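It should be emphasised that the depicted structure is a prediction, and the values quoted were computed from it without experimental measurement. Scope of the values below: all heavy atoms of this structure, side chains included, with no hydrogens, waters or symmetry mates. Both ligands and their constituent atoms are indexed starting at 1 by order of listing. Position 1 is the first residue of the sequence; numbering continues from there.
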Amino acid sequence: MAPIGTLYGPTANARNYKVRIVAQLAGVDVASTPDFVFGVDNQKPEYLAKNPSGKVPVFEAADGSKVFDSSAIAFYVASKAANSGKLLGNTDEERAAILQYSFFAEADLMPAAAGTLYPVLGYIPLVKPTQQAAEQQLKRLLGVLNNILLDKTYLVGERITVADIIVACDLVGVFEHYLTADDRKELRNLTRYFKTVTGQAAFKAVAGPAKLCVTRTQPAAPAKEKKEKKEKKPQQPAQPKAEKKAEKKKKDDDDDDEDDVKPEPKPKSKLDTLPPTSMPLDSWKRFYSNNDTKPTAMDWLWQNYDASGYSFWKVEYKYNDELTLLFMTNNLIGGVFNRLEAARKYAFGVLLALGEDRDNMIWGYFIVRGASDELPEEIAGAPDFDSFTWTRVDHTNPATRAEIEDCFAWDGPTLPRKFADGKVFK
Ligand SMILES: N[C@@H](CCC(=O)N[C@@H](CS)C(=O)NCC(=O)O)C(=O)O
């Protein structure tokens, strides 16, 4: 059987599984690209000619027609089955229900699962409140599915459809990294359903046996912690045994095990010696996180701002012309924030990715402890400092104030370009 086309993208990926499982169920052959290198091959002109967004996967049919988006590809592939109604529904109602669950999976479930798991798996930086909000949403949606599945084997009708493959593929990571045995007991119907769908020969042939989480995957240690750990146990060249023994004895004698060594006391930041402020930064951060930015949080800020204890800074990236895809720009912001860790106690800021793919910029504002015209070492000494222009601004100037408000709210007429994404340093 000649392949009906080729699915381009990394093969070990749930979106890729989705299409190939449907192909198996449909009894059609789809060629794939096992050597595909994500981040490299999907940036090549020949790939972008098939899918201009550079996202994976994309499908190119034998006749040259192209389809992007894994669910759309799955529908296309299913339509080539001898009896496509089995996978795509036989009635208007079934077809609508299959679409309903497919959109639910992609527009609701997947973003919640990604928001919960990606920061934990280290794909994107961990921003606790954002991750926790995603987790709440995920729990809610899993509960909704669990209830729907109370008296159903499959989501639509009595047989497996494309909807089941899409939903189950989106749940692969959730079952592997998140839902423990206790959670699975609580989500009994959903678990039974997941096992039924992933237990199908077609599913196992493509994705292998489903993995069920034993211990919930925890976030990787923040960069700073990792660094400290590394510094604590420096790599030593191999030592002769006798020397090692002697050393161990000395160590035992000293009763001074490595783990008990007290770290050097941290040098105090100059900022800790400033006169106390009437606006603890944590209060602002909390207020900002828990309230609408405009007008509630901004009103609070203008009422409580301590101009003798803080300064406002406009922050602009110097190399906007080198930025490409917006998601990469936003990841760059995340990396910069990670490397600004030393300033976390003394600064709050928002950096936005504005514009569109291949034509975007990074722009934002920071509140920094200290009212001096010079930035503290925690910021000026950060690795990315030279890639940005930091300009001290007068927050009492109405135009500046409006920009700060729009920036912190990620929305408003003074943003220099169309809002796309952003991150909060807090
Ligand atoms: N809805 C799309 C989403 C595709 C997608 O976001 N793929 C990710 C990899 S799993 C990607 O290509 N990310 C890179 C990018 O966003 O440029 C689909 O299902 O195909």
Suppose I only count heavy atoms of Pro57 and a 4.0 Å limit; which atoms of ligand 1 are within that range?
20 (O)
Please answer whether the main-chain N or O of Asn189 pairs with a side-chain N or O of Asn146 as donor and acceptor at a distance below 3.5 Å.
yes
Considering only non-hydrogen protein atoms, determine which one is nearest to atom 20 (O) of ligand 1 and report residue, atom name and distance to 0.1 Å.
Ser70 N, 2.8 Å
May I ask whether Ala72 places a heavy atom under 4.0 Å from ligand 1?
no
Can we say Lys128 and Glu135 salt-bridge, meaning some charged N sits less than 4.0 Å from an Asp/Glu carboxylate O?
no
Polar side-chain atom of Asp292 near backbone of Thr296 as donor-acceptor pair, under 3.5 Å:
no
For ligand 1, is Phe68 a contact, meaning one of its heavy atoms is under 4.0 Å away?
no
Please determine if Asp69 has a nitrogen or oxygen closer than 3.5 Å to a nitrogen or oxygen of ligand 1.
yes
Heavy atom under 4.0 Å from ligand 1: found in Arg15's side chain, backbone, both, or neither?
side chain
Taking non-hydrogen atoms only, is Ile73 closer than 4.0 angstrom to ligand 1 via side chain, backbone, both or neither?
neither
Mind checking the OG1-NZ spacing from Thr329 to Lys423? Nearest 0.5 Å is all I need.
11.0 Å
Is the distance from the ring center of Trp284 to that of Phe348 below 6.0 Å?
yes
Among protein heavy atoms, which lies nearest atom 13 (N) of ligand 1, and at what distance?
Phe38 CZ, 3.7 Å
Among all protein non-hydrogen atoms, which one is nearest to atom 15 (C) of ligand 1, and what is the separation to 0.1 Å?
Phe327 CE2, 3.4 Å
Residue Asn13 vicinity, atoms of ligand 1 by number, heavy atom under 4.0 Å:
10 (S)
Going from SG on Cys213 to CZ on Arg184, what distance comes out if it is rounded to the nearest 0.5 angstrom?
6.5 Å
With only distance considered, is Val56 within less than 3.5 Å of ligand 1 through an N or O on each side?
yes
Could you tell me if the ring centre of Phe59 sits under 6.0 Å from that of Tyr76?
yes
Give a yes or no on whether the ring-centroid distance for Phe203 and Tyr17 is below 6.0 angstrom.
no
